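Fair warning: this is a prediction, and the values are worked out from it, not measured in the lab. Order of the sequence lines sets the chain letters (A, B, ...), proteins ahead of strands, with each chain counted from 1.
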Number of protein chains: 2
Amino acid sequence: MPYDPSAFAPFAVTVDLVVLTVRRHALCALAVRRGESPFQGRWALPGGFVRPDEDLSQAAARELMEETGLRAHDPDAPAQVNGAHLEQLATYGDPGRDPRMRVVSVAHLALAPDLPAPRAGGDANSARWAPVEDLLQQGGYGRDGEQAAPLAFDHARILADGVERARSKIEYSSLATAFCPPEFTVGELRRVYEAVWGVALDPRNFHRKVTGTPGFLVPTGGTTTRQGGRPAQLFRAGGATLLNPPMLRPEV
Amino acid sequence: MPYDPSAFAPFAVTVDLVVLTVRRHALCALAVRRGESPFQGRWALPGGFVRPDEDLSQAAARELMEETGLRAHDPDAPAQVNGAHLEQLATYGDPGRDPRMRVVSVAHLALAPDLPAPRAGGDANSARWAPVEDLLQQGGYGRDGEQAAPLAFDHARILADGVERARSKIEYSSLATAFCPPEFTVGELRRVYEAVWGVALDPRNFHRKVTGTPGFLVPTGGTTTRQGGRPAQLFRAGGATLLNPPMLRPEV
DNA sequence: GTGTTTATCGTCAGGAAGACGACTATGATC
DNA sequence: GATCATAGTCGTCTTCCTGACGATAAACAC
């Protein structure tokens, strides 16, 4: 007898978060230490079960708030203080990805400005911002000499997908401003691009590009010298979300 | 007592397919008529439950084969006859999207060359290729005078997301060749772009662009006059998957 | 003041794209 | 068979964008 298409097996559905930020010129992701088996003591992406009455995006926003205190931006609302960009990334449902049961995880990508130390939440013993380079390299040693154990479950794959999404999306959208505080300078925005892409950009051409794209940056009138050197103009993110023509990621 | 984060509610997980093709200069999607309640008699996207032992992409490939007879391309394998491009699109899990139970649907996007009439499969009474314009317009009348009822569930939203993904992806990838037979002419490829984007492109500039992009097209040596006019060179899709610089979608 | 750092403006050459003219090779029609 | 319509293909020209890089400006450290 063929498979009954009306039958279905129950699945557990979770949301996992790839929360990215730029700290000290490095692209970092939020990692939590697992307090339970499986993968007890290993680092993992924050996440949790979707509740029966909430949408996937609601569940992701709730987890983000629990882990970081960040409110997710309504895509239609203007930028606000202490908000983060949040979007669905992809869904991972390999039958063997969780040894306990069949779990389908809807991964989300969040981009946040530089934050104070993370606060632990949920069942995590601790949480930290770690350079994605450290989290993704297998078998190496992290900055503090700690053995860099691979992330739990398939979270390395999920993190890699999230990083690649962020890298490509700042090319053709104004999303890089999500890594910046509400007011920022052209130089700070350039350092975001440099950290996310891992390349050095020409400050003069970058300045011409971003200030010449209508709707990308809005000058606030203020200036700052917090980066040292000559005072720099402060900008807010403009209404434009799509950059046309895009910002080109250098070859190689 | 707060919510127990270790508890989870069981969900049903399905895959839904947005299968796109180009027929008679129009972007068309595969729609199946629902044979069961809810939305009995309405058009919907093909799909079905994920089985306990299969991955999400396997489930999508299986559904695609059941509905169209198309084999999904292995992304790493070269193009083959009767194959279609298949990729994950997004996941939809609004609590109220299916009145029967909590269903999370992992939508996939498939791009196929022009095919003979579809064959019905599963619990669908019938299947057809319908212009996406007809499927997405609400309350109008289709080409055959039939009242254009909205698609079942949230499938209009899923279809719209899939169409937008296809429209943007052919800009910077060679994916448009997935709509073409194994051998095709520059003009046929141009008509694909015109149908997907709904614009007219300059044949001379298009020819210069696609033949000047290394790795995009490989001449087979043959020619054809199946489009009338002067014989045109035949090409196969080359190995390049990313177009740099991209094909630019005209403004407006 | 001198040096260092960062920001900002300007110049120039090369490449890509839009607009469009011109020519070519078929089949269809008179 | 001449003519016409249809598609395909090659070029030209202008404009815009980018990468490379010189030069100036405004702060701070000493």
Side-chain angles (χ1 to χ4, degrees), chain A residues 24-25 170-172 180 183-195 197 199-236 240 242-252, chain B residues 24-25 170-172 180 183-195 197 199-236 240 242-252:
Chain A
R24 285 183 268 115
H25 287 210
I170 64 173
E171 282 191 78
Y172 56 88
C180 294
E183 295 198 352
F184 53 89
T185 70
V186 173
E188 289 165 349
L189 183 62
R190 175 170 50 80
R191 280 175 214 102
V192 164
Y193 275 91
E194 291 178 335
W197 284 344
V199 299
L201 299 175
D202 185 284
R204 297 157 292 189
N205 293 335
F206 184 88
H207 190 278
R208 177 183 59 193
K209 173 70 177 175
V210 296
T211 57
T213 301
F216 190 7
L217 298 183
V218 179
T220 66
T223 61
T224 181
T225 63
R226 61 188 172 214
Q227 298 292 339
R230 170 176 165 180
Q233 267 190 284
L234 284 170
F235 294 88
R236 283 184 298 103
L242 254 41
L243 301 187
N244 207 327
M247 180 86 67
L248 292 178
R249 180 163 20 167
E251 309 284 328
V252 182
Chain B
R24 286 182 267 114
H25 287 209
I170 64 173
E171 281 191 79
Y172 57 89
C180 295
E183 295 197 354
F184 53 90
T185 70
V186 172
E188 289 164 348
L189 184 62
R190 176 170 48 81
R191 281 181 275 278
V192 164
Y193 274 91
E194 291 178 334
W197 284 345
V199 298
L201 299 175
D202 184 284
R204 297 156 293 188
N205 292 336
F206 184 88
H207 189 278
R208 178 183 59 192
K209 172 69 177 175
V210 296
T211 57
T213 301
F216 190 6
L217 299 183
V218 178
T220 66
T223 61
T224 181
T225 63
R226 61 188 174 214
Q227 298 291 339
R230 170 177 165 179
Q233 267 189 283
L234 284 170
F235 294 88
R236 283 185 297 102
L242 253 41
L243 300 187
N244 207 327
M247 181 86 67
L248 292 178
R249 178 161 24 165
E251 307 285 327
V252 181

### OP1 or OP2 of C:dA7 under 4.0 Å from side-chain N/O of A:R191
yes
### Task
Return the value, rounded to whole Å, for the distance between atom CZ of B:R190 and atom C1' of D:dT6.
12 Å
### Message
Let's see if you can work this out: which of D:dG8, C:dT6, D:dC17 has an atom nearest to the side-chain heavy atoms of B:Q227?
### Response
D:dG8
### Message
Within the 4.5 Å heavy-atom criterion, are A:M247 and A:F206 side-chain neighbours or not?
### Response
yes
## Note on the structure
For B:T223 and B:Q233 the tightest heavy-atom approach is CG2-CA, 4.2 Å
### Task
Return the value, rounded to whole Å, for the distance between atom CZ of B:R226 and atom C1' of C:dG27.
17 Å
### Message
Distance check needed: D:dA7 P versus B:Q233 CD, whole Å only.
### Response
19 Å
### Message
Rounding to an integer number of Å, can you tell me how far A:L248 CG sits from C:dG15 C1'?
### Response
12 Å
### Message
What is the separation between atom CG on A:N244 and atom P on D:dC17, rounded to the nearest whole Å?
### Response
10 Å
### Task
Ignoring hydrogens and angles, tell me if any N or O in the side chain of B:E194 forms a donor-acceptor pair with the backbone of B:H25 under 3.5 Å.
no
### Query
Of the nucleotides C:dA7, D:dT9, C:dA17, which has the atom closest to the B:R230 side chain?
D:dT9
### Query
Nearest nucleotide by nearest heavy atom, which residue falls closer to the 5' end of DNA chain C, B:G228 or B:P245?
B:P245
### Query
CZ of A:R191 to OG1 of A:T185: how many Å apart, nearest 0.5 Å?
6.0 Å
### Task
Would you kindly compare B:P246 and B:D202 by the position of their nearest DNA chain C nucleotide and give the one closer to the 5′ end?
B:P246
### Task
To the nearest 0.5 Å, tell me how far A:N205 CG sits from A:L248 CG.
11.0 Å
### Query
Once you round it to whole Å, what is the distance between P of C:dA16 and CE of B:M247?
14 Å
### Query
Can you tell me how far CZ of A:F184 sits from CZ of A:R190, rounded to the nearest 0.5 angstrom?
13.5 Å
### Task
Mind calculating the distance between CG (A:L201) and C1' (D:dT18) to the nearest angstrom?
13 Å
### Message
Can you pull out the residues from residues 214-225 of chain A that lie within a 4.0 Å heavy-atom distance of DNA chain D?
### Response
none
### Message
Strictly below 4.0 Å: does A:K209 bring a side-chain N or O up to OP1 or OP2 of D:dC17?
### Response
no
### Message
Without decimals, in angstroms, what is the distance between B:F184 CZ and D:dG8 C1'?
### Response
16 Å
### Message
Once hydrogens and angles are ignored, does a donor-acceptor distance under 3.5 Å link the base of D:dG22 to the side chain of A:R204?
### Response
yes
### Short side-chain N/O contact to C:dA7 OP1/OP2 from A:H207, under 4.0 Å
no
### Message
Is there, by distance only and without an angle test, a donor paired with an acceptor across the side chain of B:R208 and the base of C:dG18 below 3.5 Å?
### Response
yes
#### Entry: Beyond-backbone contact of A:F216 with A:K209, side-chain heavy atoms, under 4.5 angstrom
no
